Amino acid sequence: MHPPKNVVGAVGSAPGARVRLGNRWHAEGAYVYQQDAEESESANNVKGLDALFGGHGKRERFGILGHPSYNGGFPSVPPGGLIKELTLSLENELLAQRFRRTHELEALGHRPYGSRFDYTHTVPQLWKEHGEKNAEALEATKIAARVCGRIQSIRGKGKAGFMHIEHCGEKLQVYVKIDLLSEDGFKLYQLLDIGDTIGVEGTLFRTRTGEFSIQAAKLTFLSKTLLSMPEKFHGLEDVETRVRQRYLDLIANLDVRKTFVARAKVVQSLRRQLDERGFIEVETPMMQPLYGGAAARPFVTHHNTLDLDLYLRIAPELYLKRLIVGGMDRVYEINRNFRNEGISIQHNPEFTMLEFYQAFTDYEGLMDFTVELLRQTAIDVTGGTTVQFGDHTLDFSNIRRFTMREAVLEFWPGDNKPSMENLQDAEWVKARGGKHTPGESLVELFERYVEKNLIQPTIIYEYPVEVSPLSMRNRRDPAFVDRFEIFCAGMEIGNAYTELNDPNEQRKRFEQQLGMKERGDEEAHQMDEDYVRALCYGMPPTAGEGIGIDRLTMLLTNSRSIRDVILFPLLRPEGEIHIASLLRSVEADAPSGV
RNA sequence: GGGCGCGUAGCUCAAUUGGCAGAGCAACUGACUCUUAAUCAGUAGGUUGAAGGUUCGAUUCCUUCCGCGCUCACCA
């Protein structure tokens, strides 16, 4: 017959005791069980319990799942009742095993946690300095090194073995041989688990199969892993786990680190380019009594002492322009914005934006600057001006420019293309776009037909005034403003315009927004009187721009989702983790005298 | 928020029409002194996301809930 995993018989209980089974459940009440004499396989489970929890006198602290037909659920198993399944969590078992191993390490004279290790090289440094040398050169010079890292793999060979350790994103093979280590050193090697962090002192060499490696003369134990690492071949693929436990993602998938290094380079490059041009980096409030600078719904928070509701900023724009009024001609800020909107492959509720403002220029000046800024950033991050993104090769050295109306004509689907005269006809545009105003309708047509087709970096300019409450009107055509956006891979990555600096005009725009708000537009601007007051002191002609750092990073790292470029994107909470009680139970069952 | 899909061992995945839940890696025991997805022999590991329903019997069918993904809406 099929080996049963059942243990039969529950006798006695100790009500009030707190028990755990597996890694999920606990219940009031505890049970002593006995194995069914007829089911010999069940004895394995009992033995397993003994081995795991230290045996005698401990068992009664562990619960057993009751058979539903008797009690409708845990924990009211009647004495002698049928017990469905005795489950021991594997995770629990592994954890207990490794927890015990910390004591074995201590018995050998090692600290399972906390030793300092002064390495002579990081692994990448070692590769850079010596990784090209051939076997003879390495043999002749016997270069000594101390390196450290997390164990990625172990291949034991009896009295010798190989490991790969990883440090700073790169791996190095370690060769251990009993002859070359002290007896205790080899014992330590035998206690190592994948995921432990160790230090290695030894000499560099090349193995018979040609791999650059270090031959260990001494191992130092540095940090113990209690949980098992993801599988070595496939790595960690579950998207949810990768994002929730980013640390594990970084351990298991070394390329993830490269993405975030690239992200740091994006910020570095932009910062350097702005600094070189005399821009001053500033920080403006993230908690604002009024929100503005973009069309979005805000998050609300509260300051207790002032008893004041505050908004997490949706944009720093209005503060940065106050600084322009104050004579800080060139300012920029790189920081988070918060928008209480949906989450998608391109949207995270908090995202990073560069905003910069330059006095005495206009949007055309910024267009030229932007072209250079993006080109140079691509070079700084990837080494060239073309980058692979999915099936496309994006070329940052050749950025096209269309007016919005030209783009709508250019990308209009099918043969029945409208004429420029059609697009200049307010009624025609309203009829096709279906919005209240011609401007909003034109944007609707743009978003419907054009946006997703803008794969190569492209500048779109001449925006309708209705969707641009902070931009300066075009002098020739007051229905439009002096504004452009940058698109790439179907995404908007930047937005820039000549700033509206006429206070009375700004007052009217705010009032127009208030009207929209009354009609139910939750994203319309609030009236910001202090901002209008600042403009009343006179703001020099200015142009400003915002560039989405997350999206730009996506482009330069070939990442399809914004979650791939944000270390900890917003997720729903995952529920109980139970690691604390797991550790508690493992510690309680560890041998005393620790 | 709407629609579609997914959730099985620590990880990566199977499971025929509804019929005894399996494999590889990781772990444990043993062998192996240049391996590299090491190999060989053995062992253990599961409330099949949760609760309920249908059924003699549910990983499988139904309902609800939780989490995730894709997509639409909103937005950058």
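Proteins get letters first, then strands, A, B, ... in listed order; numbering begins at 1 in each. Since the structure is predicted, the reported quantities are computational estimates derived from the model, not experimental observations.
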Could you tell me how far apart A/Tyr463 (OH) and B/A76 (C1') are, to the nearest whole angstrom? 11 Å
Write down the distance between CD1 (A/Ile577) and P (B/G67), rounded to a whole number of angstrom. 14 Å
Under a 3.5 Å cutoff, is there a donor and acceptor pairing between the side chains of [X] and [Y]?
X	Y	result
A/Thr370	A/Glu545	yes
A/Arg263	A/Thr352	yes
A/Arg313	A/Thr284	yes
A/Glu444	A/Ser441	no
A/Glu355	A/Tyr357	yes

Provide the Watson-Crick or G-U wobble partner of [N], both distances under 3.5 Å; none if there is no partner.
N	answer
B/G1	B/C72
B/U43	B/A27
B/G22	B/C13
B/U35	none
B/C65	B/G49
B/G57	none

Distance criterion of 3.5 Å, no angle test: do you see the side chain of A/Glu211 paired donor-to-acceptor with the base of B/U35? no
The residue, A/Lys232 or A/Gly342, whose nearest nucleotide of RNA chain B is more 5′ is A/Lys232
By nearest-heavy-atom nucleotide on RNA chain B, the more 5' of A/Ala296 and A/Ser561 is A/Ser561
Look at all strands and tell whether [X] reaches a base, only sugar-phosphate, or nothing, counting heavy atoms closer than 4.0 Å.
X	answer
A/Arg244	sugar-phosphate
A/Asn340	nothing
A/Ala294	nothing
A/Ile493	nothing
A/Phe186	nothing

Output field: ring centroids A/Tyr291/A/Tyr311 closer than 6.0 Å: yes
Using the benzene-type ring in the case of Trp, are the ring centres of A/Tyr497 and A/Tyr363 under 6.0 Å apart? no
A/Lys171/A/Glu166 salt bridge by N-O under 4.0 Å criterion: no
Give every pair of a protein N or O atom and an N or O atom of nucleotides 12-14 of chain B that lie under 3.5 Å apart, one pair per line with the distance.
unit_1, atom_1, unit_2, atom_2, d
B/U12, OP1, A/Glu237, N, 3.0
B/U12, OP1, A/Asp238, N, 2.8
B/U12, O3', A/Glu237, OE1, 3.0
B/U12, O2', A/His234, NE2, 3.4
B/C13, OP1, A/Glu237, OE1, 3.2

If only side-chain N and O atoms of A/Arg155 are considered, is one of them under 4.0 Å from the OP1 or OP2 phosphate oxygen of B/U35? no
Please check the phosphate of B/G67 (OP1 and OP2 only) for any side-chain N or O of A/Arg572 closer than 4.0 Å. yes
Beyond-backbone contact of A/Lys187 with A/Leu181, side-chain heavy atoms, under 4.5 angstrom: no
For each nucleotide in nucleotides 27-33 of chain B, reading 5' to 3', give B when a protein heavy atom comes within less than 4.0 Å of its base, S when such contact involves only the sugar-phosphate, and - otherwise. SS---BB
Intermediate values then yes/no, side chain to side chain contact (heavy atoms under 4.5 Å, CB included), A/Leu204 and A/Leu126: CA-CA 9 Å; A/Leu204 304 178; A/Leu126 216 51; 3.8 Å; yes
Kindly confirm whether the side-chain ring of A/Phe351 is stacked on the base of B/A76, judged by centres under 5.5 Å and planes under 30°. yes
